[in-house]
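Working notes, structure below.
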Amino acid sequence: MPRGPDDHRLRRPAPVYLLAVVLLVAVAGGAVTLRLREVDRTAASTAVRPAPSTARPGQQPALPARAAPADLPVIDYRSVPGGFPPDPTPQSTAALTEGLRPRARLAVYDAPGGRPRAFLPPSISGVPVTVPILMRRGGWVAVLLPSINRTMGWLPAGRWAVQPLRDHLILRRRTHELTWLRDGALVARWTVTTGSPATPTPLGRSFVLGRSTPGGAVYGGLDALVLGSVPDDRHAVPPALRGAHTGIHSWHRGGSFGKSVSNGCIRVPKSGQRRLLSAIAPGTPVSVVD
């Protein structure tokens, strides 16, 4: 995150448009309120196919899903309820090639056939949700969850579709290097800014939730990519950032690239940010490793 509060909210990607959600940003002590607006979406769309059966021939039938109470909490922009298992391999840089897109509000469980813990809505802050699929087991799929770091949840087959994921962003914190892969092949690599020792960029696997339009010239007049990760220590960042998500955005000065000085966000040169905004879709996996 940049120096000064940067509350990365989301913008809704639609077949033609992206809608920026109002967010509050404080830059150099001044508050800036972002307005809703629509812009043309330039990232190429990819086909969505219905959720296949996760059971294979010869396997035992899928474990049944318990009925979910109607009063379960709903995963939202700021928080996700507890009780979910951790990502078993948070430092993995293996490609995740499928995303899950809910067609309706879905109950998320703590294990295949386990306890329902929360609902995953089809959109968060008006942005359609796509979450990377980590694994399949017993007729269920595990997905990364937004708003809590290095956490996954389980879903049975049902009202969701599979979204192909071609891109993968890998941040290596020690070398301040952001790498963009498509179908496993190198597309680009940049020297970037990462979080300071007090407010480090969260380690582990995350993903792109959507886009926002931060205010102020410090962002180079470009949108930010909002990630599913949040500050590991919410109290270490300015108060306006304690409910904010980590972002990837441009910066007005190049002197910070190659350094660890942000509030957790990843600062990319303007030319690189333009390329990412033109191609990176919601659900794209982001791996942050040392």
Side-chain angles (χ1 to χ4, degrees), residues 1-8 86-96 132 134 144-152 165 167-182 184-209 211-212 214 218-220 222 224-238 241-242 244-273 275-277 279-280 283-290:
M1 296 180 184
R3 288 219 176 267
D6 181 8
D7 189 357
H8 289 298
D87 179 354
T89 55
Q91 291 288 290
S92 173
T93 57
L96 300 175
L134 296 180
L144 283 175
L145 295 177
S147 303
I148 186 169
N149 299 339
R150 301 170 294 276
T151 302
M152 69 179 190
L165 301 175
D167 297 296
H168 186 192
L169 301 177
I170 302 174
L171 173 68
R172 300 188 183 278
R173 297 195 310 184
R174 290 182 182 175
T175 58
H176 302 91
E177 181 181 82
L178 180 66
T179 301
W180 172 16
L181 304 175
R182 171 165 287 180
L186 177 66
V187 177
R189 183 179 287 123
W190 301 277
T191 298
V192 299
T193 306
T194 60
S196 72
T199 56
T201 304
L203 282 169
R205 295 193 286 192
S206 186
F207 59 96
V208 174
L209 272 173
R211 291 167 58 156
S212 71
V218 294
Y219 300 102
L222 298 175
L225 292 174
V226 181
L227 307 184
S229 55
V230 297
D232 281 322
D233 183 357
R234 293 175 184 261
H235 297 288
V237 298
L241 285 176
R242 290 173 188 172
H245 283 216
T246 305
I248 300 175
H249 58 71
S250 183
W251 199 243
H252 68 301
R253 291 197 301 263
S256 70
F257 298 134
K259 300 178 181 179
S260 300
V261 295
S262 79
N263 280 319
C265 284
I266 303 163
R267 301 177 186 171
V268 181
K270 288 181 67 174
S271 60
Q273 186 69 4
R275 293 186 67 185
L276 292 174
L277 291 172
I280 297 300
T284 295
V286 179
S287 299
V288 180
V289 298
D290 274 333

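Computed from heavy atoms alone, side chains included, the values below leave out hydrogens, waters and symmetry copies. In this text the structure is predicted, and so the values were computed from the model without any measurement.
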D233 side chain vs T199 backbone, donor-acceptor pair below 3.5 Å: no

Note, I148 side chain near V230 side chain (heavy atom, < 4.5 Å): no

Spacing of CG belonging to L171 relative to CG belonging to D290, to within rounding of 0.5 Å: 9.0 Å

All side-chain contact (heavy atoms from CB on, under 4.5 Å) counterparts of K270, not counting sequence neighbours: L222, S250, R274

Separation between CG of L169 and CG of L276, rounded to the nearest 0.5 Å: 6.0 Å

Residues that A188 engages under side-chain contact (heavy atoms from CB on, under 4.5 Å), provided they are two or more places apart: W180, W190, R275

Contacts of T89 that satisfy side-chain contact (heavy atoms from CB on, under 4.5 Å) - sequence neighbours left out: D87, S92, R205

Residue pair S287 / H168, side-chain heavy-atom distance below 4.5 Å: yes

Donor + acceptor pair across side chains of H176, T193 (<3.5 Å): no

Minimum-distance pair of heavy atoms, taken over all atoms of F207 and G283: CB-O, 4.0 Å

Side-chain heavy-atom pair T246, V288 within 4.5 angstrom cut-off: no

Counterpart residues, side-chain contact (heavy atoms from CB on, under 4.5 Å), relative to P86 (two or more places apart): none

Rounded distance [0.5 Å steps], CZ in R182 versus CD1 in I280: 6.5 Å

Heavy-atom closest contact (T284 atom, D167 atom, distance): CG2-O, 3.6 Å

Salt bridge (charged side-chain N to carboxylate O under 4.0 Å, His left out) pairs, two or more places apart, involving residues 188-197: E177-R189

Close side-chain approach of L227 and I248, heavy atoms under 4.5 Å: yes

Sequence-distant partners of R150, salt bridge (charged side-chain N to carboxylate O under 4.0 Å, His left out), two or more places apart: D232

Heavy-atom closest pair, residues T201 and G195: OG1-N, 2.9 Å

Taking every non-hydrogen atom, the tightest pair across P88 and M152: CD-SD, 3.8 Å

R172 side chain near T179 side chain, heavy-atom distance below 4.5 Å: no

Shortest non-hydrogen contact from S260 toward T194: OG-OG1, 3.1 Å

Atom pair CG (N149) and NE2 (H245), whose distance is rounded to the nearest 0.5 Å: 9.0 Å

Heavy-atom side-chain proximity of V218 to W251 below 4.5 angstrom: yes

Donor-acceptor contact below 3.5 Å, side chain Q91 vs main chain L203: no

Closest non-hydrogen atom pair, L181 against V187: C-CG2, 4.2 Å

Expected output: side-chain S206 to main-chain G228 donor-acceptor under 3.5 Å: yes

